[in-house]
Amino acid sequence: MSGQHTLPDLPYAYDALEPYISKQIMTLHHTKHHQAYVNALNAAEASYARATTPKERIALQAALRFNGGGHINHSLFWKNLAPSASEGKGHGGVLKPGPLADAIAADFGSFESLKTQFNTTTAGIQGSGWGWLGLNPTTRRLEITTTANQDPLLTHVPIIGVDIWEHAFYLQYLNVKVDYLNAIWSVINFEEAEKRYAEAISGSKL
């Protein structure tokens with residue numbers, strides 16, 4: 001049904017993640033890019049509802065996947081960020097002792113090792129995509145993985161997702177992905193990640 005999806009409000013102001021992510025980037029990313037995915041998803045779903053043949057429905061699959069994934073991924077991304085503790089603005093960037101910290105130490109050796117491996121893997125994405133820290137539902141271990149374009153993470157339960165599309169960083173970091181990836185850890189909302197990890201490990205539906 002057309003119009004069922006809406007742009008979620010950010011849980012912080014557009015300038016709250018500075019200096020790590022600028023107000024300009026956050027404003028454009030949220031109000032223009034994410035809004036475009038929402039609009040296109042609603043349009044694709046409306047067209048799908050009107051489709052009368054399998055051929056018409058198949059033709060809409062790419063638009064549903066791309067824009068649906070964009071909406072899902074960005075809705076998670078905003079919650080995975082928080083104003084930085086290092087700037088005295090909030091709790092962003094702080095991984096407190098607990099189950100998630102223990103799992104990171106067990107699966108990666110240390111928090112610093114996780115960041116290094118995550119940044120290396122995510123910076124290596126060809127073109128646009130997302131870097132993920134996810135829980136493997138079979139092994140129940142944390143793993144780093146990536147998805148192309150706006151594909152949502154389906155093989156793992158997403159714990160942290162990082163947008164590596166140029167619109168997420170170019171106005172501030174130009175073409176230097178590594179600088180953006182190093183900076184974003186200062187605004188990662190580990191409280192949200194801890195919550196998602198607890199839900200995932202207990203088998204709760206996300």
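Counting begins at 1 with the first residue of the sequence.
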Work out which heavy atom in [X] is nearest to a heavy atom in [Y]; give both atom names and the distance.
{"X": "Gly134", "Y": "Leu153", "value": "CA-CD2, 4.5 Å"}
{"X": "Val187", "Y": "Ser84", "value": "CG1-CB, 4.0 Å"}
{"X": "Ile72", "Y": "Pro152", "value": "CG2-CB, 4.4 Å"}
{"X": "Ala44", "Y": "Leu60", "value": "O-CD1, 4.2 Å"}

Side chain to side chain donor-acceptor pair (under 3.5 Å) contacts touching [range] (sequence neighbours left out):
{"range": "residues 149-163", "result": "His29-Asp163, Tyr37-Gln150, Arg65-Asp151, His74-Asp163, Trp130-Gln150, Glu143-His156, Asp163-His167"}
{"range": "residues 91-101", "result": "His91-Asn189"}
{"range": "residues 176-185", "result": "Asn119-Asn182, Asn119-Trp185"}

I'd like to check the salt bridge (Lys or Arg N to Asp or Glu O under 4.0 Å) partners of Arg141; sequence neighbours left out, ordered by chain and number.
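Asp107.
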
Applying salt bridge (Lys or Arg N to Asp or Glu O under 4.0 Å), name anything that partners Lys115, two or more places apart in sequence or on another chain.
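Per chain and number, Lys115 pairs via salt bridge (Lys or Arg N to Asp or Glu O under 4.0 Å) with Glu112.
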
Is there side-chain contact between [X] and [Y], with at least one heavy-atom pair below 4.5 Å?
{"X": "Asn136", "Y": "Arg140", "result": "no"}
{"X": "Glu166", "Y": "Ser128", "result": "no"}
{"X": "Leu181", "Y": "Thr120", "result": "no"}

Go through the structure and list residues passing side-chain hydrogen bond (donor to acceptor under 3.5 Å, both in side chains) with Gln61, not counting sequence neighbours.
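side-chain hydrogen bond (donor to acceptor under 3.5 Å, both in side chains) list for Gln61, sorted by chain: empty.
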
Going only through I, L, V, M, F, W and Y residues with side-chain contacts under 4.5 Å, is there a path from [X] to [Y]?
{"X": "Val94", "Y": "Ile159", "answer": "no"}
{"X": "Leu7", "Y": "Ile25", "answer": "no"}
{"X": "Phe66", "Y": "Val38", "answer": "no"}
{"X": "Leu171", "Y": "Ile21", "answer": "yes"}
{"X": "Leu17", "Y": "Tyr14", "answer": "yes"}

Using distance alone, with no hydrogens and no angle criterion, decide if Tyr20 and Ser86 have a side-chain donor and acceptor under 3.5 Å apart.
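Result is yes, a qualifying pair exists.
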
Is a donor from one side chain sitting under 3.5 angstrom from an acceptor on the other, for Thr121 and Gln117?
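On atom types as modelled, these side chains do not qualify, holding no pair under 3.5 Å.
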
With rounding to the nearest 0.5 Å, note down the distance linking [atom1] in [X] to [atom2] in [Y].
{"X": "Leu95", "Y": "Leu100", "atom1": "CG", "atom2": "CG", "value": "5.5 Å"}
{"X": "Ser75", "Y": "Asn80", "atom1": "OG", "atom2": "CG", "value": "11.5 Å"}
{"X": "Tyr48", "Y": "Ile58", "atom1": "OH", "atom2": "CD1", "value": "9.0 Å"}
{"X": "Ile201", "Y": "Leu135", "atom1": "CD1", "atom2": "CG", "value": "4.5 Å"}

Start with the C-alpha distance between His34 and Trp78, add both sets of side-chain angles, then the distance that settles side chain to side chain donor-acceptor pair (under 3.5 Å), and finish with yes or no.
CA-CA 10 Å; His34 191 174; Trp78 308 134; 2.9 Å; yes

Do any N or O atoms from the side chain of [X] and from the backbone of [Y] form a donor-acceptor pair under 3.5 angstrom?
{"X": "Arg196", "Y": "Ile160", "value": "no"}
{"X": "Thr146", "Y": "Thr122", "value": "no"}
{"X": "Gln172", "Y": "Ser22", "value": "yes"}
{"X": "His30", "Y": "Gln35", "value": "no"}

Checking Lys89 against Glu18 for the side chain to side chain contact (heavy atoms under 4.5 Å, CB included) test, could you report, in this order, the C-alpha distance in whole Å, the side-chain angles of both residues, the deciding distance, and whether it holds?
CA-CA 10 Å; Lys89 294 182 176 182; Glu18 290 188 337; 4.0 Å; yes

Intermediate values then yes/no, side chain to side chain contact (heavy atoms under 4.5 Å, CB included), Asn67 and Leu64
CA-CA 6 Å; Asn67 294 293; Leu64 289 168; over 6 Å; no

Using side chain to side chain contact (heavy atoms under 4.5 Å, CB included), reason through Tyr197 and Leu142 one step at a time and then give a plain yes or no.
CA-CA 9 Å; Tyr197 178 74; Leu142 292 172; 4.0 Å; yes

Below 6.0 angstrom between ring centroids: does that apply to Phe118 and Phe111?
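Centroid distance Phe118-Phe111: not below 6.0 Å, so no.
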
Does the pair Asp15 and Met26 meet the rule for a side chain to side chain contact (heavy atoms under 4.5 Å, CB included), with working shown?
CA-CA 8 Å; Asp15 64 353; Met26 289 300 297; over 6 Å; no

Answer yes or no: are there more than 12 heavy-atom neighbours, outside Asp9 itself, under 6.0 Å from its atom CG?
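At most 12 heavy atoms, drawn from other residues, nucleotides or ligands, come within 6.0 Å of this atom.
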
Test side-chain contact (heavy atoms from CB on, under 4.5 Å) applied to His71 and Asn42, Leu76, Leu41, Asn39, the passing residue:
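For His71, the side-chain contact (heavy atoms from CB on, under 4.5 Å) check succeeds only for Leu41.
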
